[in-house]
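Written below as structure tokens is the structure these notes are about.
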Number of protein chains: 4
Amino acid sequence: MKTTFTEKQMHILTVAEELIAKKGFEGTSVRDISSKAKINVAMISYYFGSKEKMMANLYHFRVQKTREHFAEFAETIKDGRPEMQMREIIKYLTTQLFKYNYFHGFVTQELRHTEHLKQDLLDFYKLCVEKIDEIIKKGVVTGTFSFAPKPEDVLVNILGSTLFTIRNKNFIELSVPFKNEEQYMKEAEKKLRNSLTFTTFAILGYVID
Amino acid sequence: MKTTFTEKQMHILTVAEELIAKKGFEGTSVRDISSKAKINVAMISYYFGSKEKMMANLYHFRVQKTREHFAEFAETIKDGRPEMQMREIIKYLTTQLFKYNYFHGFVTQELRHTEHLKQDLLDFYKLCVEKIDEIIKKGVVTGTFSFAPKPEDVLVNILGSTLFTIRNKNFIELSVPFKNEEQYMKEAEKKLRNSLTFTTFAILGYVID
Amino acid sequence: MKTTFTEKQMHILTVAEELIAKKGFEGTSVRDISSKAKINVAMISYYFGSKEKMMANLYHFRVQKTREHFAEFAETIKDGRPEMQMREIIKYLTTQLFKYNYFHGFVTQELRHTEHLKQDLLDFYKLCVEKIDEIIKKGVVTGTFSFAPKPEDVLVNILGSTLFTIRNKNFIELSVPFKNEEQYMKEAEKKLRNSLTFTTFAILGYVID
Amino acid sequence: MKTTFTEKQMHILTVAEELIAKKGFEGTSVRDISSKAKINVAMISYYFGSKEKMMANLYHFRVQKTREHFAEFAETIKDGRPEMQMREIIKYLTTQLFKYNYFHGFVTQELRHTEHLKQDLLDFYKLCVEKIDEIIKKGVVTGTFSFAPKPEDVLVNILGSTLFTIRNKNFIELSVPFKNEEQYMKEAEKKLRNSLTFTTFAILGYVID
DNA sequence: GATGAATGAGGATTCATTCAT
DNA sequence: AATGAATGAATCCTCATTCAT
């Protein structure tokens, strides 16, 4: 699968991603995409072979980018103290998911019959688990953390809570002061991050001074 | 909106639920449903008015049942000790979500343009929050719990982690011994429950003896 | 074809006539009729064999009634002077058409593939022609009328102008003071009758004193 | 609304007009049209948006053409004597209606819910009224005509009689020698024109020398 | 005699894709 | 390389009718 695209292809993918995020894969027609992207209907088949293949490319591309980005991020925190690292990871993941929520929104739902594509996402998850594991181990060794929960459980907790928050806006609203859309998203993210940090530190047995 | 259906209507809903869970609402045609349910294509419109209305009925029905069931459940644990109650709630929610995972799979994704339907789900969430709040308060008063986290955060954690687990089977597989499908689901649920119980008790400051 | 119906059948026909007049034959579904008539959908097929046969019965019935009614009317004027008779015929025909305009609206349009039914209407037209012919002849003989136009031409003129008036409300409105629907119809009918009377007498060479 | 069409669009409209004239708008399916026009079913939606919009285009187009044509015609007779002008107008209108009878057949009946489209036809009628009014006035001034009937009454008479003749073939047949279809139409038109000319001159008080 | 459930045929439209240019 | 026209398959839904009761 390709990971580099011409400018026109990227343009299509960008528009497609936005629309699919809003209306779902099946809810988004190639006409919608082509009209919004101001290109010919035929271009999607022409460039990607089919609508589904375009989707696969989009998916692959986005996850690839996410992995690369995470790798870069991981590098920047590699010398910190474990509690700082953990705090940063939580911040990073929530921020990214909130930013690309539209993407993660369809990732797990709309890609049916394309099981093999999920391998990409899996690789990303593995990377996260590795890093978290590393941090936990370091924290335990240094005595910063009292407990050593399974890293995948920690990740499930972080990702699950974040995606749930994103997808259940009307529930979250009940406990987040709502002014306007943008402000709300910020507040929701902040509340979530506080909660996740508290929870994660709790299961790590880390006592905030 | 109706909550009782004839046998034939229930049959359609059951088949529809299964298919929609697998292939999504838009990915499931009325022909798919009717052919699997061995009924005439026209029956869906005939019974429910339209495909979308059928979906709304299905949704409403399932949430309604869930709420009723939860209310019954809540009654059964009302006299227990807080830590037992919390354990039971976690068990209850994970079990239910695993059981009706196909339903919860599309609930938050596929129902576009039917924002009003989400009110039902919201009411269910509120019920959960109330109950959790009650338990936390009791636990704190009795000195069983040291901390009083926000009940909605606890719920987000439980539901988010559970749905993530259900939706990311291929990730969970990595850390759960896989024999066969059924066995796997049991193990995954067990692992999740352990993790959630540990996490929840950690943020409640409850020390397992 | 039947001309007598049970009360229930008549009820169906009455409702059907009204709906068909408003929305056309094809635009009116048996469901529309049955729901408005508060009867079962199956009744139409049950009583009349099919929707189309119901229509044929309705048509036949209405024309039959019209003929009988016209015959009665003709009797009442048979001793009058020709100019009075002619005036009365014009009045009669316009009044009837305005009254049953909905019927005449579909008569000539919606009954496709049922050419044979038109025989009924034809018979009614013949009856009119006969009567008009009689009047003209008498008028000419008595010297009341100077000319003897073809009776069918006179009829075409009367019926054509009337139906055109009924069917082109928005044109007629331009030259008829419009207050409310009912008032308008009365005014339109009056204007039409004046015009027709004037025209008919003109071609008969009858000079109004 | 468009008034110019590509060759293919015109082809569709032509076929559609013919079929709709025969079987009505609702009685004609897009499948009928596409199969007769030897095009794909999807083309109607593709070109016109929907069946109904196609109809609106057809309607608009036909009336537009009629108006333009009438304007041209009016120009050609503008210098004639009033009695000649009136004769020509009658001839023109009857000829046009006979030619496009299929069109005028559905115009007033089948276009429900599209009241605004009738404005087009109304404009055409107005044009006719204007011209007729002009002729009458000139005739009265020059002493050619003795009476000044309302121009709209004259038009109603002409159009009504013509449409009635077209729509009631089996009645007209009774007084028109029938050989073959084509011949019959010619004869019917001729008989109608004679009658209309006589009638119109009668109400104008014009004495044919 | 009358009905409500159920049917299959057919309705218009939208879809992703292809093809000639 | 890129496009606009055109296509056939599939969509959901509505129709008049039938059938078991």
Side-chain angles (χ1 to χ4, degrees), chain A residues 6 8-9 12 16 25-35 38-55, chain B residues 6-9 11-12 25-35 37-55, chain C residues 6 8-9 12 16 25-35 38-55, chain D residues 6-9 11-12 25-35 37-55:
Chain A
T6 68
K8 247 184 186 167
Q9 285 174 316
I12 294 173
F25 178 68
E26 313 229 33
T28 305
S29 72
V30 293
R31 265 172 190 73
D32 289 343
I33 298 168
S34 67
S35 106
K38 283 177 184 153
I39 51 143
N40 189 277
V41 238
M43 294 306 296
I44 281 142
S45 290
Y46 180 67
Y47 275 138
F48 300 101
S50 75
K51 185 193 175 191
E52 204 152 312
K53 279 181 191 148
M54 178 207 69
M55 180 70 182
Chain B
T6 68
E7 209 169 311
K8 216 149 209 182
Q9 284 175 319
H11 175 55
I12 293 175
F25 178 67
E26 313 224 36
T28 304
S29 73
V30 292
R31 272 175 185 72
D32 291 344
I33 298 169
S34 68
S35 103
K38 286 186 179 143
I39 50 145
N40 190 279
V41 231
M43 295 311 296
I44 280 140
S45 290
Y46 178 68
Y47 276 137
F48 301 101
S50 73
K51 184 192 175 191
E52 204 154 311
K53 278 184 194 144
M54 179 207 68
M55 179 70 182
Chain C
T6 67
K8 247 184 185 168
Q9 285 174 318
I12 294 174
F25 178 67
E26 314 229 29
T28 304
S29 72
V30 292
R31 266 172 190 72
D32 290 343
I33 298 168
S34 68
S35 105
K38 286 182 182 148
I39 50 143
N40 189 277
V41 237
M43 294 308 295
I44 281 140
S45 290
Y46 180 66
Y47 275 138
F48 301 100
S50 74
K51 185 192 176 191
E52 204 152 312
K53 278 180 193 149
M54 178 208 68
M55 179 71 180
Chain D
T6 68
E7 208 168 311
K8 217 147 210 186
Q9 285 174 318
H11 175 54
I12 294 173
F25 177 66
E26 313 224 38
T28 305
S29 74
V30 292
R31 274 177 182 73
D32 290 343
I33 297 169
S34 68
S35 102
K38 284 183 180 146
I39 50 148
N40 189 279
V41 232
M43 295 309 296
I44 280 140
S45 289
Y46 179 68
Y47 276 137
F48 301 101
S50 72
K51 185 192 175 190
E52 203 152 312
K53 279 184 191 145
M54 179 207 69
M55 179 70 181

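So that the names make sense, note that chain A is the first sequence line, chain B the second, and so on, each numbered from 1.
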Ignoring hydrogens and geometry beyond distance, is the side chain of R31(B) in donor-acceptor contact with the base of dA10(F) at under 3.5 Å?
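By the distance-only test, no, there is no pair.
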Within less than 4.0 Å of OP1 or OP2 of [N], is there a side-chain N or O belonging to [X]?
{"X": "S50(A)", "N": "dA16(E)", "answer": "no"}
{"X": "Y46(C)", "N": "dT3(E)", "answer": "no"}
{"X": "Y47(A)", "N": "dA2(F)", "answer": "yes"}
{"X": "S45(C)", "N": "dA16(F)", "answer": "no"}

Nucleotide [N], atom [atom2] - distance to [atom1] of [X] in whole Å:
{"X": "K8(D)", "N": "dG4(F)", "atom1": "NZ", "atom2": "P", "result": "17 Å"}
{"X": "E26(A)", "N": "dC12(F)", "atom1": "CD", "atom2": "P", "result": "11 Å"}
{"X": "I12(D)", "N": "dA5(F)", "atom1": "CD1", "atom2": "C1'", "result": "12 Å"}
{"X": "I44(D)", "N": "dA12(E)", "atom1": "CD1", "atom2": "C1'", "result": "10 Å"}
{"X": "M43(C)", "N": "dA5(E)", "atom1": "CE", "atom2": "P", "result": "16 Å"}
{"X": "F48(D)", "N": "dT13(E)", "atom1": "CZ", "atom2": "P", "result": "12 Å"}
{"X": "F25(D)", "N": "dG11(E)", "atom1": "CZ", "atom2": "P", "result": "13 Å"}
{"X": "D32(A)", "N": "dA16(E)", "atom1": "CG", "atom2": "C1'", "result": "12 Å"}

Watson-Crick or G-U counterpart of dA1(F), or none if no pair lies under 3.5 Å
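Answer to the pairing question: none, since dA1(F) forms no Watson-Crick or G-U pair.
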Taking any strand in view, what nucleotide pairs with dA9(E) in a Watson-Crick or G-U wobble way, both distances under 3.5 Å?
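Paired with dA9(E), as far as the under-3.5 Å criterion goes, is dT14(F).
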Taking the side chain as every heavy atom from C-beta outward, state whether [X] and [Y] have any pair of such atoms under 4.5 Å apart.
{"X": "V30(A)", "Y": "M54(A)", "answer": "no"}
{"X": "Q9(A)", "Y": "F48(A)", "answer": "yes"}
{"X": "F25(D)", "Y": "E26(C)", "answer": "no"}
{"X": "N40(A)", "Y": "Y46(A)", "answer": "no"}

If you assign K38(B) and K51(D) each to the DNA chain E nucleotide with the nearest heavy atom, which residue ends up on the more 5' nucleotide?
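Residue closer to the 5' terminus by nearest nucleotide: K38(B).
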I39(C) or V41(A): which one's nearest nucleotide on DNA chain E is closer to the 5' end?
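It is I39(C), whose closest nucleotide lies nearer the 5' terminus.
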Centre of Y47(C)'s six-membered ring, under 6.0 Å away, within 45 degrees of the axis: is that where NZ or CZ of K53(C) sits?
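Geometry flag: not set, cation outside 6.0 Å or 45°.
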Would you classify T28(C) as touching base, sugar-phosphate or nothing, given that sugar-phosphate means primed atoms plus P, OP1 and OP2, and contacts are heavy atoms under 4.0 Å?
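Sugar-phosphate: the residue T28(C), judged by heavy atoms under 4.0 Å, touches backbone atoms but no base.
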Compare the minimum distances between each of dG1(E), dT13(E), dT17(F) and the side chain of V30(C), then state the nucleotide with the smallest one.
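The answer is dT17(F), which lies nearest to the side chain.
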With nearest nucleotides of DNA chain F determined for S29(C) and N40(D) from heavy-atom distances, which residue corresponds to the more 5′ nucleotide?
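The residue whose closest nucleotide sits nearer the 5' end is N40(D).
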